[in-house]
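Inspection log for the structure reproduced underneath, given as structure tokens.
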Amino acid sequence: MRDKENKNPADIPAEHDSNTSTRHFIHDLIDEDIAEGGRFAGMAVHTRFPPEPNGYLHIGHAKAICIDFGIAEQYGGLCNLRMDDTNPSKEDVEYVEAIKEDIHWLGFDWGDRFYYASDYFEQMYGFACDLIRKGLAFVCEQTPEQMRESRGTLTTPGIPSPWRDRPVEENLDLFRRMRAGEFADGTYTLRARIDLNSGNFNMRDPVLYRILRIHHHRTGDDWCIYPMYDYAHPIEDALELVTHSLCSLEFEDHRPLYDWVINNLDLPAQPRQIEFARLGINYTVMSKRKLRRLVEGGLVDGWDDPRMPTLGGLRRRGYTPSSIRNFTDRIGVSKVNSTVDYAFLEHCLREDLNSNARRVMAVLRPVKLVLTNYPENLVEDFTVENNPERPEDGTRTVTFSRELWIEADDFAEVPAKGYFRLFPGNEVRLKTAYIIRCTGCEKDADGNVTTVYATYDPDTRGGNAPDGRRIKGTIHWVDSKTAVAAQVRLYDNLFAVEDPDSAERDFLEHLNPDSLEVLKQAYVEASLAGSSAPLNCQFLRLGYFCLDSKDSRPDALVFNRSVSLKDSWKK
RNA sequence: UGGGGUGUCGCCAAGCGGUAAGGCACGGGACUUUGACUCCCGCAUGCGUAGGUUCAAAUCCUGCCACCCCAGCCA
């Protein structure tokens, strides 16, 4: 049913094309607009993603990107990328390239439609003069304090600025001189003349232009007056022939002003603003301001720390573009303030990596296993499948000898109820190698197990029992003769509480002290020697890991755990 | 107290007057050379709440309640 509206159904991943969650209320509204014709007659659906280049993109932006580009795609329309750079005090070119890179990484492309709001400064100035001529804007001399006082309160209307009825010619002259740099910063503003009685503060004569002598990253010092978002945005959209301007819920109050600008100017299009809820995820924070505090406070390893919800962080953590697109697609789009479980994001990653990541064996917390009846100098080769989900990915060879590394967790001197791994007297299968029987262990002075002893059954090569006996446990291992040492970083939630934002206390007080655990002496199988990023793989029975793009070197591997495997045993 | 929004399972979310989809999480079972994957089964007599209209209401009407956003020369 959904496909009826989708001009391009082939672009929707097959695994959820029967899922209604990809269709949502915005589709309904657009369908209505198309059916009505009217101001959208003859126009292709046209959206835009308009970030302000003042920080790095995070997964909340990914939701918006998927909606903006996704809807354009589904309707056979277009989506522009536009830097909303109307406030030079916060912006920097540094972010522009990073933003473009992140969007491309997600798999979206804006073609030749990359724009800057600053491209339109001259036209915006002209439109402002039009508003003045229509008596819809005036130059105001109120200070910020005076403006705040005369704006009124929730229950009382605003009172008119003393400059509200300034004659058109005088307004035109003053506005021209504002632009010419005749006045100091903050001394004059251009304001819209709308409705001081409105219950909506945005309509109580909002500021349209302010004087700001700040070097702009693109226009340099050409301008000393800059347009405000509420005035600039509808013009930017209209000039680009955008039909549907999608944004988040907090702009609902701004829509009347958006429409006011559209309706009072002679623009080439009349875009419609539609608002949706922004993404929240538990155990993390999403505001740029807070993420910045984490970075600047040195609490994380930069904007791309693998624990960060930034696209850079998720990428370094091992998240794939399709896992993120899938996630944003499946959480749906609505107007309800919502917080999605982090577990769902993890689910989407596991789902992707389960079918695509090659399996390897690695031992994170090594304990030596000695097979006392295995010949001292014998080395055998075993063939292992790279991905049981995808036989076409082939096989590889791992070596096997008398001394192996196994996971400390896979041995228990005294097994808990239901434990079916290695313990004295018990049999276990070494993945693809042999069935072994534990005979005991050796401990150091502190009681830590240092070596586990076992005998192997030579008749079970490959792990098959000729007598058909059932072996419940299969454990992973790495040959100590060929193992490659590696550092492995395990990550947990950055915050210890579900909603670090809500509490009375500062969000930083909820940081999870155990969000990072570094294992300096792990062992991975020899096939991984010399690898370099990007590399996603599954460490058998442990989880999905990737090479750290910053710190790993072919001769000194560093892995990040992207997400653990589900574990129905965990004590 | 003004304006704008939203309330369907622990978390997302369909539903648009005809008798509560789906996913995640969770619990149980089957399978298993990953305690993974996969596969079965279970999981809202209930849709913020109180009334009303109707043969029939999550869907329509009215009142209440709760939560979110807004008084930047930020976006």
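A note on names: the letters A, B, ... follow the listed sequences, proteins ahead of strands, and every chain is numbered from 1. Just so you know, these numbers use all the heavy atoms, side chains as well, and skip hydrogens, waters and symmetry mates.
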Any strand: nucleotide that pairs with G7(B) via Watson-Crick or wobble, under 3.5 Å
C65(B)
Could you check which nucleotide pairs with U38(B) in any of the strands shown, counting Watson-Crick or G-U wobble with both distances under 3.5 Å?
A30(B)
Here's one to test your reading of the geometry: is the NZ or CZ of R461(A) within 45 degrees of the ring axis of Y456(A) and under 6.0 Å from its centre?
no
Please enumerate all residues that pass salt bridge (Lys or Arg N to Asp or Glu O under 4.0 Å) together with R561(A), with sequence neighbours excluded.
none
Checking A75(B), U6(B), A25(B) against the side chain of A343(A) (C-beta onward), the nearest is A25(B)
Within residues 205-215 of chain A, find the residues that approach RNA chain B with a heavy atom at under 4.0 Å, and present them sorted by residue number.
V207(A), R210(A)
Less than 3.5 Å between a donor and an acceptor, one on the side chain of E389(A) and one on the base of U38(B), is that the case here?
no
Regarding A36(B), can its base be found pairing with the side chain of H476(A) as donor and acceptor, where the two atoms are less than 3.5 Å apart?
no
Listed partners of F507(A) passing ring-ring contact (aromatic ring centres under 6.0 Å, His included), at least two apart
F495(A)
Got a sec, which residues hit salt bridge (Lys or Arg N to Asp or Glu O under 4.0 Å) with K90(A), two or more places apart in sequence or on another chain?
E52(A)
Which is true for R429(A) with a 4.0 Å heavy-atom rule: it touches a base, it touches only sugar-phosphate, or it touches nothing?
base
Would a 4.5 Å heavy-atom cut-off, applied to side chains only, mark H216(A) and E91(A) as touching?
yes
Considering Watson-Crick and G-U wobble pairs with both distances under 3.5 Å, what does U19(B) pair with?
none
Between U6(B) and C47(B), how many Å separate the two C1' atoms, rounded to a whole number?
15 Å
Just compare C70(B), C24(B), C68(B) and give me whichever is closest to any side-chain atom of H347(A).
C24(B)
Applying salt bridge (Lys or Arg N to Asp or Glu O under 4.0 Å), can you list everything that pairs with R358(A), at least two apart in sequence or on another chain?
none
May I ask you to say what K335(A) touches in the nucleic acid, namely base, sugar-phosphate or nothing, with a heavy-atom cut-off under 4.0 Å?
sugar-phosphate
From G35(B), C74(B), A36(B), nucleotide with atom closest to K90(A) side chain:
C74(B)
Excluding sequence neighbours, so at least two apart, what forms side-chain contact (heavy atoms from CB on, under 4.5 Å) with A412(A)?
Y419(A)
Assign T86(A) to base, sugar-phosphate, or nothing according to its heavy-atom contacts below 4.0 angstrom with the strands shown.
sugar-phosphate
